[in-house]
Amino acid sequence: MNRRLTLALPSKGRLREPSWTLLEASGVDPQEPGERVLQSHCRNADIDLLFVRADDVPEYVQDGVVDCGITGLDLIDERQCNVEVLLRLGFGKCSLQAAVPLEDDAVGIDDLKGRRIATSHPRITSSILAERGIDADVVRVGGAVEISPRLGLADAIVDLVSTGSTLRTNGLRSIGTLFESEAVLIGRRGSEDLVARNVLTMVLGSVTNARANRYLLCNVNKDRLAELTALLPTQGSPTVMDLATPGVVAVHALVPAADIWSLLPKLEACGASSILTLPVERMVP
Ligand code: AMP
């Protein structure tokens, strides 16, 4: 009998919704837990779900309470948990940045020497500053890190930033990035039963890969085919098919979603017509 895989998901906060959406998109059909219920399961796969705080996930995985979990890369480092990162999930992207009040004359992280720094990530902050030979006084604060300088609690802060609007609202200015984070799928190090875990990693990876790409279709005259295919930022070979109209071919290719905006005008200038881009549901390289 197959053993059921246990997966810890963030029960609230920023990572909850996108983690749930990813599971839904993967097709395992997670069952919505009832109110205040901490466990549920998936209808299409032998996976049991446990809902816990994102910052508790690394310890649950490390200690073998669950097989896998979804959490932020920053939380693994901050908790100093010995777990394996199985997959980067492409959401929850943010960076741990050092910031000072607008009027402060610091220009870079090195200027934090001798300063008092408030952060809810004291371990990562202390270890990165130590690696860079910067001796500073790191103070742990639980929340509302951004108001610490105004309260006279610290000269600078180190906090997670995604858009930078919270820093601006609080009269702060970034002076550098210490760490880049995103949501990740993690597993216990040294785990012996890897079959179900590898399947989950592959299936979630097929969705995250697909999200980062678009399926491109266009028609072009055969005499400009080489010019057009040279423009495509694809890794594999594009599919080229003859059309009913003599001398014209259809080109199909998978291209990174981030390149579409710059690619379209170039394709048009190369004589491409009937250009379509479609979302991709799954992609297993
Ligand atoms: P939570 O406290 O449950 O909302 O989750 C916080 C986690 O979400 C962090 O540890 C990061 O991994 C991630 N995250 C993504 N963007 C941000 C952001 N702008 N501020 C704080 N956390 C973020």
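Start at 1 with the first residue, then count along the sequence. First listed ligand is number 1; within each ligand, the first listed atom is number 1.
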Subset of ligand 1 atoms that lie under 4.0 Å from at least one heavy atom of [X]:
X	value
Gly72	12 (O)
Leu75	10 (O)
Lys12	3 (O)

(message) For the CD atom on Gln31, are there more than 12 heavy atoms of other groups (residues, nucleotides or ligands in this structure) within a distance under 6.0 Å?
(response)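 Yes, the 6.0 Å shell around CD holds more than 12 heavy atoms from other groups.
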(message) Give me the nearest non-hydrogen protein atom to atom 19 (N) of ligand 1 as residue plus atom name, then the distance to 0.1 Å.
(response) Ser162 OG, 2.7 Å
(request) Do me a favour and list the nearest non-hydrogen protein atom to atom 17 (C) of ligand 1 with residue, atom name and distance? (result) Arg14 CD, 3.5 Å
Salt bridge [X]-[Y], side-chain N to carboxylate O under 4.0 Å:
X	Y	result
Asp242	Lys222	yes
Arg123	Asp77	no
Arg4	Asp46	yes

(message) Once you restrict to heavy atoms under 4.0 Å, what part of Thr71 touches ligand 1? Side chain, backbone, both or neither.
(response)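 Contact part for Thr71 vs ligand 1: neither.
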(request) Record the part of Glu182 in heavy-atom contact with ligand 1 below 4.0 Å; permitted values are side chain, backbone, both and neither. (result) neither
(message) Testing the 3.5 Å rule here: is there a donor-acceptor pair between the side chains of Thr166 and Glu146?
(response)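 No, no side-chain donor-acceptor contact under 3.5 Å.
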(message) Would you say Asp67 and Thr6 are linked by a side-chain donor-acceptor pair, where the criterion is simply a distance under 3.5 Å?
(response) yes
(message) Among Gly13, Cys94, Pro10, which one puts a heavy atom closest to atom 14 (N) of ligand 1?
(response)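 It is Cys94 whose heavy atom sits nearest to atom 14 (N) of ligand 1.
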(message) Strictly less than 4.0 Å: does any protein heavy-atom distance to atom 3 (O) of ligand 1 fall in that range?
(response)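 So far as the 4.0 Å threshold goes, atom 3 (O) of ligand 1 is in reach of a protein heavy atom.
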(request) Report yes if some N/O of Asp74 lies less than 3.5 Å from some N/O of ligand 1; otherwise report no. (result) yes
(message) Using 0.5 Å steps for rounding, measure from the OG atom of Ser126 to the CD1 atom of Ile134.
(response) 11.5 Å
